Undergrad: 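What follows is a single structure, and I will ask about it in a moment.
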Number of protein chains: 2
Amino acid sequence: MITVAITDDHFMVVEGLKTMLNQVDTIKIIDAYHTVNDTVEGLKNNSPDILLLDINLPDGNGIDLCKILKQTYKDLKIIALSNFEDIAFIKQIIKNGANGYLLKNTNKSELVLAIHTVQNDELFLPETLQRQLLNDSLGKPTNSSFFVPNLTRREKEVLSLIVKEYTSEDIANKLFVTVKTVEAHRSNLIQKLSVKNVAGLVRVALEKGLV
Amino acid sequence: MITVAITDDHFMVVEGLKTMLNQVDTIKIIDAYHTVNDTVEGLKNNSPDILLLDINLPDGNGIDLCKILKQTYKDLKIIALSNFEDIAFIKQIIKNGANGYLLKNTNKSELVLAIHTVQNDELFLPETLQRQLLNDSLGKPTNSSFFVPNLTRREKEVLSLIVKEYTSEDIANKLFVTVKTVEAHRSNLIQKLSVKNVAGLVRVALEKGLV
DNA sequence: TAAAACTTTAGGGAAAACCCTAAAGTTTTA
DNA sequence: TAAAACTTTAGGGTTTTCCCTAAAGTTTTA
């Protein structure tokens with residue numbers, strides 16, 4: 001019997017997961033959490049084999065949480081849940097210790113397969129993503145962006161302010177640095193995220209849940 | 001017995017809804033669709049009493065679909081499903097004929113209540129949104145934006161290109177108009193959406209699913 | 001500890017965005 | 001059909017973004 005916990009802020013997604021997994025004899029859902037905090041607290045009392053972890057949470061992001069949880073619970077298997085099909089994004093979360101990655105429009109059989117796979121200490125990725133990762137490692141262009149969310153603390157800070165419609169001057173005042181510094185961060189962000197302008201920065205930031 | 005169909009591109013959400021509703025004797029789910037097209041085709045063969053309609057669909061948006069469906073199926077009750085708690089957004093979809101509006105993090109009892117309410121030809125809105133609408137009509141500021149998605153066809157077109165990182169010049173070339181025209185649309189968009197710059201435009205466009 | 005990555009600053013210039021007022025023709029709606 | 005809303009264009013100006021090169025100090029990582 002594999003025990004599973006879920007972290008997702010959407011009631012319906014949790015229900016959907018519960019339904020699919022309750023039909024499987026070998027899997028038992030022992031808890032569900034809705035926030036980063038919930039999860040951290042909940043895991044102090046429960047020890048699921050596997051955690052299905054949503055990336056976008058109201059009080060933080062699953063990527064960082066994944067890293068933290070893995071430090072505390074070495075044996076816990078984590079399967080990331082997300083809407084986004086981005087190879088570099090996946091690389092990041094795998095690097096942070098995740099044992100698998102599932103798109104939210106997955107179906108029951110894939111979900112069950114993913115759980116059994118990671119339980120066997122193997123990495124699980126959906127077919128489409130495997131192909132994309134393969135293409136990527138072969139240097140072939142993929143339909144997903146080349147975005148690597150390796151943003152520095154400061155860059156994330158600036159990005160989140162850009163999304164909030166702050167101008168470079170506003171940001172400079174807020175962070176007590178010069179406008180030139182902010183512009184440097186802006187340029188670096190544009191480079192790193194492979195976009196052309198502020199519109200791209202905002203779009204990517206929101207799409208990838210970086211802010 | 002109330003018959004219900006669901007339109008949502010996320011498998012899990014559909015599963016979650018099915019689970020919750022299957023536990024209710026008076027409600028029967030007769031079909032589920034994943035796209036605008038699916039829904040239009042599916043409704044030719046099925047006549048549910050109620051359609052639970054996601055706003056953000058891969059091949060279009062539920063707001064326009066709602067209007068179209070209501071023209072063809074006068075008696076069909078539509079409950080909009082969305083993640084966004086925006087009063088003006090809700091006004092728009094109600095104006096387009098929706099009989100109710102549910103946030104995706106709803107629970108079973110509210111979901112069932114919503115279905116029974118609209119079946120009785122009454123409008124259903126969650127408590128929190130009712131309060132916001134009341135405040136709004138009293139002229140009080142609410143925590144949601146004042147955004148009214150009354151964008152013209154052309155403005156939507158321009159906005160979607162802005163989100164795609166097109167500059168005003170790019171857009172002008174694409175639409176065969178002058179840069180000045182595009183800038184006029186830009187200014188109007190900034191006014192209408194109550195934002196300060198392109199970052200705000202992109203953020204709002206993505207948050208409200210306008211593009 | 002040494003290398004690598006990050007943060008900060010700068011000058012100068014080109015491009016783009018933004019704001020204002022104004023107006024005429026087109027389409028939609030009441 | 002008349003009013004309202006939409007689309008188009010313009011001049012002229014300010015602000016902001018974006019790009020380039022360059023460098024020094026700080027922090028993190030191997």
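Because the structure is a prediction, the values reported are computed rather than measured.
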Undergrad: Under the rule for side chain to side chain donor-acceptor pair (under 3.5 Å), what residues qualify as partners of A/Asn173, not counting sequence neighbours?
TA: none

Undergrad: Using nucleotides 12-16 of chain C, report all nitrogen or oxygen pairs with the protein that are shorter than 3.5 Å.
TA:
{"residue": "C/dG12", "atom": "O6", "partner": "A/Lys180", "partner atom": "NZ", "Å": "2.3"}
{"residue": "C/dA16", "atom": "OP2", "partner": "B/Glu169", "partner atom": "OE1", "Å": "3.4"}

Undergrad: Mind checking side chain to side chain donor-acceptor pair (under 3.5 Å) for A/Lys74 and listing every partner two or more places apart, or none if nothing turns up?
TA: none

Undergrad: Set out, line by line, the N/O atom pairs under 3.5 Å between protein and nucleotides 25-30 of chain C.
TA:
none

Undergrad: Just jot down the side chain to side chain donor-acceptor pair (under 3.5 Å) partners of B/Asp31, sequence neighbours excluded, or say none.
TA: B/Tyr33, B/Asn46

Undergrad: Applying salt bridge (charged side-chain N to carboxylate O under 4.0 Å, His left out), name anything that partners B/Glu157, two or more places apart in sequence or on another chain.
TA: B/Arg153, B/Arg154

Undergrad: Among all residues two or more places apart in sequence or in another chain, which pass the side-chain contact (heavy atoms from CB on, under 4.5 Å) test with B/Ser168?
TA: B/Val179, B/Val182, B/Glu183, B/Arg186

Undergrad: Mind checking what makes salt bridge (charged side-chain N to carboxylate O under 4.0 Å, His left out) contact with A/Lys104, not counting sequence neighbours?
TA: A/Asp8, A/Asp54

Undergrad: Show which side-chain atoms of residues 195-204 of chain A pair as donor or acceptor with protein atoms under 3.5 Å away, not counting sequence neighbours.
TA:
{"residue": "A/Asn197", "atom": "OD1", "partner": "A/Ala199", "partner atom": "N", "Å": "3.1"}
{"residue": "A/Asn197", "atom": "OD1", "partner": "A/Gly200", "partner atom": "N", "Å": "3.2"}
{"residue": "A/Asn197", "atom": "ND2", "partner": "B/Glu165", "partner atom": "O", "Å": "3.2"}
{"residue": "A/Arg203", "atom": "NH1", "partner": "B/Val163", "partner atom": "O", "Å": "3.2"}
{"residue": "A/Arg203", "atom": "NH1", "partner": "B/Glu165", "partner atom": "OE2", "Å": "2.8"}
{"residue": "A/Arg203", "atom": "NH2", "partner": "B/Glu165", "partner atom": "OE2", "Å": "3.3"}

Undergrad: By side chain to side chain donor-acceptor pair (under 3.5 Å), which residues pair with A/Thr106, not counting sequence neighbours?
TA: A/Glu110

Undergrad: Could you check whether atom CG of A/Asp75 has more than 12 heavy atoms from other residues, nucleotides or ligands sitting under 6.0 Å from it?
TA: no

Undergrad: Could you encode protein contacts along nucleotides 2-8 of chain C as a string, one character per nucleotide from 5' to 3', using B for base contact, S for sugar-phosphate-only contact and - for no contact, with a heavy-atom cut-off of under 4.0 Å?
TA: ----SSB

Undergrad: Determine the stems involving DNA chain D; a stem requires 3 or more consecutive pairs of the Watson-Crick or G-U wobble kind, each with both distances below 3.5 Å, and the answer is none if no such run exists.
TA: C:1-30 with D:1-30

